[in-house]
Each structure stands twice: as C-alpha cells, then as structure tokens.
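Heads up, the thing below is written out as structure tokens.
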Amino acid sequence: MVDILCIGEPLYELNEQPDGSFLPGCGGDVSNVCIAAARQQAYVGLIANIGADTFGEKLQETWRHEGVSTKYVTSKLGEDTGIYFVQHDATGHKFLYRRKDSAASRLTRDDIPQSAIAEASLVYASGISLAVSGDLRDATRHAIEVAVANGRTVVFDPNLRIALWSLDEARAVTHEIMKHCDIAMPGLDDARALTGHTSPEEIVRFYHSLGARIVALTLGADGVAVSRGDGVKTIPGETVKTVDATGAGDCFNGVFMAAWLRSEDAVEAAAIANRAAAHSTTAYGAVTAPHMTLSS
Ligand SMILES: Nc1ncnc2c1ncn2[C@@H]1O[C@H](COP(=O)(O)OP(=O)(O)O)[C@@H](O)[C@H]1O
Ligand SMILES: O=C(O)C(=O)C[C@H](O)[C@H](O)COP(=O)(O)O
C-alpha cells in the first residue's frame, strides 16, 4: 500500500548548461512530485508507462534509488520514453519536448490499478497528465473517478503547458476535473491564464468555488498563498541563490503532500514545502538539488 499515488508522464531530461552542454537527468512533473515526497519518507508510487529503452532504464534506476515504488510502472518493447530539453535565458527557463506518441501517452484506463488507488491516502494528477494524449487523459480521469468513488483525497495541479494543448481546452478540462478534487495546487502564472483572475485572493476563491477544500497557490520567489476556505495565509519566499527553478512547483507539491499526511495542517505543510522548493532551485535539473527533509 502506498500513501501517495501519482499518474502521468515521466520524462528524461536534458538541461542546458552555461557552457552549452546538456546535463542529463530525470523530470516529468509527476515523477518530480514522487521523488520530492519520497525524500520526505512518504511511501509513494507512480502509475505510468515508459519506454523499454535506455531513458526508461535511467528513470527506473532513479526511482529505485529514491525509494519510489515502480510496481505500477509498465513498459513495452518498441515504445519510447519521452524526452525534454530545458533551456535558460534572462526570463527564466523554457521546455522543448520530444514526447509525441511516447510510451506514457499510450497508458489507458485498463492500466489503472484500481485496488491500489482505493487504498492510497492521496491520488495526484496534473494538467500535463490530461494534456499529453486522449488515452492518458482518459486513464487519468478514470484514476480520479476510482479515487473519488473510494473516498480518497484527490490532489491536482493544473500545470498549464500551452505546447501540449490550447488554452481554451486546458481551461475547460482542468476546471471540470477540479470539481472532483480536494486539494488544488496551481502556480500563479498558470492560474492567471486559466482563470482570468489576477490577484491570489481571487484565484484562491475561484478554485474553492470549483470544490477544492484546500488551495495552495505557489507564487514563485514570493512564496505561497494557502487557504482552507477561512482566509488566505501568505508565506513569503525564502531567499536562495536560484539557478534553475525547473521542478520547484513539483517539489512544493510532493513535500506539501508528505507533510500534510503527517499533520493534516495545510499551513504548516505549505511552510515546509516552501522552504524545500526554494532549495530545489539552487541546482540545475528538476530533481538534482538536495531537498531539505522534514526533520532538517
Ligand atoms: N526564485 C525562487 N526563490 C525562492 N523560492 C522559489 C523560487 N522559485 C520557486 N520557489 C519555490 O517554489 C515554489 C513553486 O514555484 P512556482 O514558480 O510558483 O511553481 P511552478 O514551477 O509550478 O510555476 C514556490 O512557491 C516557492 O516555494
Ligand atoms: O513540462 C512537462 O511536461 C514536464 O513534466 C517537465 C518538467 O519536469 C515539469 O514540468 C517541471 O514542472 P514545474 O515544477 O512546474 O517546474
């Protein structure tokens, strides 16, 4: 039995360095979330399909090393693991994908381990899980249906990736899915684009109105705004030497869930996750920087 089950697309990462070379690593939002939560000693599993290739092997090695359960990770010969490049400029980072028809995009609802979902405390998915392909979207929806039917807590990050679908489709699909979710974890820029609201207070209100009990709205270097429906508490950002914020939102989400499982205190969980996510930005790569642990 795992505490947290995440569904989506793991990706092999190539992260551009100042000298023009590419640092290899592991990414894909749900894999990042799993690793962040596992580093906080949560028992975490991933539901995904990856390629039977070198990149898939590297991901598997990393999950084994990090203590992420791969019981529900499948792979088939002839399918490819998705890859992405991270590039940096004065405005931050951007992603370039090589993931069309990837193994992960072919996960179907028949691959969903219903009994594992029925037993997990938290089930996590993102807008990327819904955007990658029709099959993965259907599988993700099914996982959420099973979680809801079994009274599990569903956690969702809209994680807008405009390279994968249109803003209109992203809006319609993520707002619909939010109605079945308990905890919403959007980032400010994504939430502004998706909701049309500007201020954190308006955005938090909007996600509560869709049904979320808890909203943790991440504000980049400015920290996080968290709400249990009784007012917004803003936790300021930590001052760190940021080199690459890739995966910071995922680190926040994974650490938040691990901490929330211990205390069910959303404000305390957000404060811990805010510190860990800040430190995750101090090295290149989605999961490279050492995370702080709950006990540190
Ligand atoms: N430059 C930064 N300095 C300090 N903390 C940061 C920085 N960037 C991100 N963080 C931390 O990571 C969290 C998630 O970052 P954010 O950019 O909001 O998410 P996303 O990557 O999903 O857009 C923030 O709430 C904050 O805790
Ligand atoms: O874009 C995708 O599909 C990916 O999964 C690649 C990245 O690993 C995550 O997107 C990072 O997510 P953030 O935590 O929001 O920086």
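Just so you know, ligand 1 is whichever comes first in the structure, and atom 1 is the first atom listed for that ligand.
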Distance-only side-chain donor-acceptor flag, [X] / [Y], under 3.5 Å:
X      : Y      : answer
Thr153 : Asp182 : no
Ser129 : Thr140 : no
Thr246 : Asp244 : yes

> Relative to the ring of Tyr97, is the ring of Phe95 parallel (under 30°), tilted (30 to 60°) or perpendicular (over 60°)?
Replying inline: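 Correct class here is tilted.
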>> Please verify the inter-ring angle class for Phe22 with Phe85; under 30° counts as parallel, over 60° as perpendicular, anything in between as tilted.
In response: perpendicular
> Tell me, which pairs form a ring pair (Phe, Tyr, Trp, His ring centres under 6.0 Å) where one or both residues lie in residues 42-76, sequence neighbours left out?
Replying inline: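 Checked against ring pair (Phe, Tyr, Trp, His ring centres under 6.0 Å) - neighbours excluded - the pairs reaching residues 42-76 are Tyr12-Phe55.
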Please produce the table of protein N or O atoms sitting under 3.5 Å from N or O atoms belonging to ligand 1, one pair a line, distance to 0.1 Å.
residue, atom, partner, partner atom, Å
ligand 1, 1 (N), Thr242, OG1, 3.1
ligand 1, 18 (O), Thr218, OG1, 2.8
ligand 1, 18 (O), Gly220, N, 2.8
ligand 1, 19 (O), Thr218, OG1, 3.4
ligand 1, 21 (O), Gly249, N, 3.3
ligand 1, 25 (O), Gly223, O, 2.8
ligand 1, 27 (O), Asn274, O, 3.4
ligand 1, 27 (O), Asn274, OD1, 2.7

>> So that I can tick it off, tell me whether Arg137 and Glu169 are bridged by a salt bridge, with the cut-off set at under 4.0 angstrom between side-chain N and carboxylate O.
In response: yes
> Can we say Asp138 and Arg109 salt-bridge, meaning some charged N sits less than 4.0 Å from an Asp/Glu carboxylate O?
Replying inline: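 Yes.
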> Considering only heavy atoms, which protein residues lie less than 4.0 Å from any atom of ligand 2?
Replying inline: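 The 4.0 Å shell around ligand 2 contains Leu11, Gly27, Gly28, Asp29, Asn32, Tyr84, Phe95, Tyr97, Arg99, Ile128, Asn159, Arg161, Ala245, Thr246, Gly247, Ala248, Gly249, Asp250.
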Throw together a table of side-chain donor-acceptor distances under 3.5 angstrom for residues 228-241, partners on residues two or more places apart or in other chains.
none

